[in-house]
Amino acid sequence: MLKSTSRHQQQQTMVSLVKSSTHKPHLLQIQAHLTRSCLLQNPKFSLLFLSSLCSSRDLRYARLFFSQIKNPSSSQYNTLIRAYSSSNSPKEAFFLYREMRQKGLKPDPISFSFVIKSCVKFRSVFCCLQVHGRIIRDGFLSDCLLLTTLMEFYSSFASREDACKVFDEMSQKDTVAWNVLISCYLRNGRTRDVLMLFDNMKNEGVCEPDDVTCLLVTQACANLGALEFGEKVHRYIKERGYGTARNLSNSLISMYSRCGCLDKAYDVFKGIGEKNVISWSAMISGLAMNGFGRDAILAFEEMRKTGVIPDEQTFTGLLSACSHCGLVDEGMEFLNQMSKEFGIMPNVHHYGCVVDLLGRAGLLEQAYRVIISMKVKPDATIWRTLLGACRIHGHFTLGERVIEHLIELKAQEAGDYVLLLNIYSSTGSWEKVSELRKFLKDKGIQTTPGCSSIELKGIVHEFIVDDVSHPQKHEIYNKLDEINKQLKIAGYVAETTSELHDLGAEEKANALSYHSEKLALAFGVLVTRPGTTLRVTKNLRICIDCHNFAKFLSGVYNRQLIIRDRTRFHHFRDGHCSCNDYW
DNA sequence: ATAGGGTTAG
């Protein structure tokens, strides 16, 4: 009796020893000992040992040990599969899976989960589909977690529809499943549906949204500029007691900033007990995008004082602050500082800000030289930024050169040609305009329609150019006519020569009067009380005519207007815009 | 004495 107890104790010691060892030489010693005491013949013990080997970084040794096992159990396969699925040779996991199937061993749902994850990692849709088929045949379709993994696979590189299909077929949907669905929608740009899903979750009452849901929905609100909905989510966050979660607060800062609501962003920021680099960067970017470049720089200095170390994205925010406010010297100084003082090499986004900064300041050649001489490969976006600057300054020879670069990257988009068209028309080069128009027509190049959204009472209304789909279209168009008349009295003159948005529109003047942002603004004026701030989000750049229109509208109708376009915020008040001049 | 799954901030 006494003897067996001490043996039991010895074995206990071995168990804890094996469990706590991840160091390879140690494990080798232990293995020798285990072999001597015949403990490795015990399948449970050898499984334990295998899992210890797997948690040491060297999987090759685990593999070697595994290959010496005569008839590995499915648990032993599972352990190794799991290890490979998170290693940098995830294919091995799939091979092991096939091997065990060939031996007639049946993987359990958890191993399936790991196998799917591995296939996602080595990006084989084929393998994933194969495994999915197997999962169906093995009858694991009631496993919510496993199906969630499958959804994640479909949403990550197959199709959104398939992910939805898996979701619909789930008998039990828990919050994580909803979250995966939401994150799938978010990735696919179905932002408005995300808001709907949030409401569904709450109303159906089956699944309470959790902190991750809130995080995702907040991002959706930020993308849409849906302030009211965002505030609703914020209230929900507080109700549920997530108010102190830093990741949520950081996301809220970004959401409020991107809705043009800086004071609220700042309130959230102030409320964070321990601000990390993400909190600071979110605030800095928020200040930057809303046109408070100097304050963004002050915030950066403040951040340094508190000892938080800036990272890549902090500098992206800072440099964009400089570009939005025309702080050329400061921007160039930060570009130097980031690598010299903080060892952060500028990436394409950093250079992008610098190109924007120099370009807007009219230093086009210098901007071009930055792109040519930078160490990273220029992407389409950075060329497009320079093209935007060419439009501002009516520089068409450089504009043509930039288009060449875009073509070389095979990244030229309809919008780029539209920019070039605008450059030509602003410089009065009408021959080139018609030439390019013909080219686009022949090639069948379609432009992205301008799309603006405005949120009222938590509902996001979207408008496209010449939109006729809105139920209140007649009232909206009447209102727009009325506004046009009022603004003309105040001195507004429609600018019909320098901007072309829509290639399909034959009548330029006509096309201008129905730009989506005007429709959204007219709708806002129509359905809100006098004095209500209107917030419009636009997918493309706002054109100069709509910008003028908004300026006059803010004065004549005494409204504060906040228009967010592809590049920045424009705050209009009393007939003026926060950006001194239009850009 | 027996490994162990899914979503997530700027």
Side-chain angles (χ1 to χ4, degrees), chain A residues 8-19 39 42-55 62 73-83 85-86 107-118 120 140 143-153 155-156 166-167 170 173-184 186-187 209-219 222 242 245-255 257-258 265 268-269 272 275-286 288-289 310-318 320 349:
Chain A
H8 181 77
Q9 275 173 350
Q10 262 180 10
Q11 292 186 354
Q12 279 289 351
T13 323
M14 285 316 292
V15 168
S16 46
L17 195 62
V18 170
K19 277 185 175 170
L39 268 173
N42 180 331
K44 287 170 183 172
F45 220 107
S46 92
L47 176 61
L48 179 65
F49 186 65
L50 180 66
S51 80
S52 269
L53 287 178
C54 287
S55 43
S73 64
S74 51
S75 317
Q76 282 165 330
Y77 267 108
N78 294 343
T79 305
L80 202 57
I81 287 176
R82 186 187 125 254
S85 78
S86 54
D108 63 5
I110 298 179
S111 332
F112 269 127
S113 202
F114 285 125
V115 176
I116 290 282
K117 243 191 153 175
S118 314
V120 170
F140 287 128
D143 189 321
C144 171
L145 267 75
L146 183 52
L147 292 188
T148 312
T149 315
L150 274 173
M151 274 176 71
E152 178 60 19
F153 144 64
S155 85
S156 68
V166 175
F167 181 79
M170 282 168 84
K173 303 170 172 73
D174 65 2
T175 304
V176 181
W178 280 90
N179 291 348
V180 174
L181 185 73
I182 288 176
S183 108
C184 173
L186 197 58
R187 269 192 292 227
D210 66 358
D211 51 343
V212 177
T213 321
C214 293
L215 206 56
L216 294 165
V217 179
T218 316
Q219 286 176 55
Y242 301 142
R246 189 167 56 186
N247 54 354
L248 280 174
S249 297
N250 291 345
S251 190
L252 283 170
I253 295 173
S254 166
M255 187 272 289
S257 305
R258 291 174 66 190
V268 176
F269 177 76
I272 301 177
K275 302 167 185 63
N276 63 4
V277 63
I278 300 178
S279 323
W280 283 102
S281 305
M283 198 63 238
I284 290 171
S285 307
M289 72 177 80
D311 67 6
E312 281 194 349
Q313 305 214 36
T314 320
F315 280 100
T316 308
L318 264 180
S320 86
H349 303 292

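Just so we're on the same page: letters track the sequence lines, and every chain starts at 1.
Within 4.0 Å of A:S73, counting heavy atoms only, lies no atom of the nucleic acid at all. Residue-level contact check: A:A177 touches the bases, meaning some heavy atom is under 4.0 Å from a base atom. Using a 4.0 Å heavy-atom criterion, one finds that A:Q219 contacts the sugar-phosphate atoms exclusively. Using a 4.0 Å heavy-atom distance criterion, A:V180 is classed as a sugar-phosphate-only contact. Within 4.0 Å of A:C144, counting heavy atoms only, lies at least one base atom of the nucleic acid. Contacts of A:S254 with the nucleic acid, taken as non-hydrogen atoms under 4.0 Å apart, involve only primed sugar atoms and P, OP1 or OP2. Note on A:D211: nothing from the nucleic acid sits closer than 4.0 angstrom, heavy atoms only. The residue A:P43 sits apart from the nucleic acid: no heavy atom pair falls under 4.0 Å. At a threshold of 4.0 angstrom between heavy atoms, the contacts of A:F114 are confined to the sugar-phosphate backbone, with no base atom among them.
In this structure, the ring-ring contact (aromatic ring centres under 6.0 Å, His included) partners of A:F112, at least two apart in sequence or on a different chain, are A:Y97, A:F140.
Using modelled atom types, one finds a donor on one side chain and an acceptor on the other under 3.5 Å when comparing A:T149 with A:S113.
Bounding nucleotides for the chain A contact on DNA chain B, 5' to 3', at a heavy-atom distance below 4.0 Å, are B:dA1 to B:dG10.
Put simply, the side chain of A:S51 does not reach to within 4.5 Å of the side chain of A:L47, judged on heavy atoms. The side-chain heavy atoms of A:C184 and A:M151, taken from C-beta on, include no pair separated by under 4.5 Å.
Of the possible donor and acceptor atoms, one in the side chain of A:S156 sits under 3.5 Å from a partner among the backbone N and O of A:E152.
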Listed pairs under 3.5 Å, donor-acceptor, residues 276-283 of chain A side chains, sequence neighbours left out:
| unit_1 | atom_1 | unit_2 | atom_2 | d |
| --- | --- | --- | --- | --- |
| A:N276 | OD1 | A:N250 | ND2 | 3.4 |
| A:N276 | OD1 | A:I278 | N | 3.2 |
| A:N276 | OD1 | A:S279 | N | 2.9 |
| A:N276 | OD1 | A:S279 | OG | 2.8 |
| A:S279 | OG | A:N250 | OD1 | 2.8 |
| A:S279 | OG | A:N276 | N | 3.1 |
| A:S281 | OG | A:V277 | O | 2.7 |
| A:S281 | OG | A:T314 | OG1 | 3.0 |

